[in-house]
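Report on the structure given below.
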Amino acid sequence: MPPAGPLRLEVIKKRADFLRAAQAKRIVMPGLILQARSRHDDGAIRVGFTCSKKVGNAIARNRAKRRLREVARHVLSHRGATATDYVFVGRAGETATRPFAALIKDCNAALDKLP
């Protein structure tokens, strides 16, 4: 894998931003769900991560979120659109166990499907 670029991704922390992203375009892939919402401003790329209790206990959820953070760092630093919010949602039984290269491929395919 090539190292991630120098682009710094801002993290979404407010619930209202997650809810707005949930109403936007959603792409379902085997290893993750990607929600993307354009903000129509001059801001940076913002990214959020979420895993419900369906993913597993706290250890499994944290592992899935760590893997999603790394996928976002690798993919969005090169392919992400500015002024866009991306929310990565972990999938039960897949995000924590799927090979990392497959997760990156899923993320790239999800970005290809976005308008």
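Small disclaimer: the values here were computed from a predicted structure and weren't measured. Counting from 1, the numbers follow the sequence of the chain as shown.
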- Item | Minimum heavy-atom distance between Ala64 and Cys51, given as atom pair plus value | CB-SG, 3.8 Å
- Note on the structure: salt bridge (Lys or Arg N to Asp or Glu O under 4.0 Å) filter on Arg69, not counting sequence neighbours, yields none
- Task: Please check if the side chain of Thr84 supplies one atom and the backbone of Ile45 the other of a donor-acceptor pair under 3.5 Å.
- Result: no
- Please check if atom CG in Leu19 has more than 12 non-hydrogen atoms from other residues, nucleotides or ligands closer than 6.0 Å. yes
- Message: Quick check on Lys65: does its NZ atom have over 12 non-hydrogen neighbours (other residues, nucleotides or ligands) under 6.0 Å away?
- Response: yes
- Verdict with reasoning, Gln35 to Lys25, per side-chain contact (heavy atoms from CB on, under 4.5 Å): CA-CA 6 Å; Gln35 300 168 344; Lys25 182 77 173 169; over 6 Å; no
- Minimum side-chain heavy-atom gap Asn108-Arg79 below 4.5 Å: yes
- From CA spacing to verdict: side-chain contact (heavy atoms from CB on, under 4.5 Å), Ile27, Leu114: CA-CA 8 Å; Ile27 306 295; Leu114 287 175; 3.9 Å; yes
- Shortest non-hydrogen separation from Arg91 to Val55 and the atoms involved: C-CG2, 4.1 Å
- Message: More than 12 heavy atoms of other residues, nucleotides or ligands under 6.0 Å from CG of Asp42: yes or no?
- Response: no
- Message: So which atom in His74 and which in Ser77 form the shortest heavy-atom distance, rounded to 0.1 Å?
- Response: O-OG, 3.5 Å
- Between the side chain of Asp106 and the main-chain N/O of Met29, is any donor-acceptor distance below 3.5 Å? no
- If you group Ile, Leu, Val, Met, Phe, Trp and Tyr by side-chain heavy-atom gaps below 4.5 Å, do Phe100 and Val89 land in one group? no
- Item | Test log, rule salt bridge (charged side-chain N to carboxylate O under 4.0 Å, His left out), inputs Arg37 and Asp17 | CA-CA 10 Å; Arg37 171 184 149 325; Asp17 293 331; 5.5 Å; no
- Considering only heavy atoms from C-beta outward, does the side chain of Arg67 approach that of Phe49 to under 4.5 Å? no
- Query: Can you tell if the side chain of Leu9 reaches within under 4.5 Å of the side chain of Arg46, non-hydrogen atoms only?
  - Reply: no
- Task: Following the transitive rule for hydrophobic clusters with a side-chain heavy-atom cut-off under 4.5 Å over Ile, Leu, Val, Met, Phe, Trp and Tyr, establish whether Phe18 and Val28 coincide in one cluster.
- Result: yes
- Can you establish whether the number of heavy atoms outside Arg63 located under 6.0 Å from its atom CZ is more than 12? no
- Tell me, do Leu76 and Leu111 make a side-chain contact under 4.5 Å, heavy atoms counted? yes
- Pair Arg20 + Asp85, salt bridge at N-O below 4.0 Å: no
- Can you see which heavy atom on Val87 is nearest to which on Ala21, and at what distance? CG2-CB, 3.5 Å
- Message: So which atom in Gly48 and which in Ile12 form the shortest heavy-atom distance, rounded to 0.1 Å?
- Response: N-CD1, 3.9 Å
- Query: Checking side-chain contact (heavy atoms from CB on, under 4.5 Å) for the pair Leu32/Leu68: CA distance, chi angles, key distance, verdict?
  - Reply: CA-CA 8 Å; Leu32 57 91; Leu68 289 175; 4.0 Å; yes
- Same apolar cluster: Ile33 and Leu103, side chain cutoff 4.5 Å: no
- Considering non-hydrogen atoms only, spot the tightest contact between Phe88 and Ala72 and give its length. CE1-CB, 3.7 Å
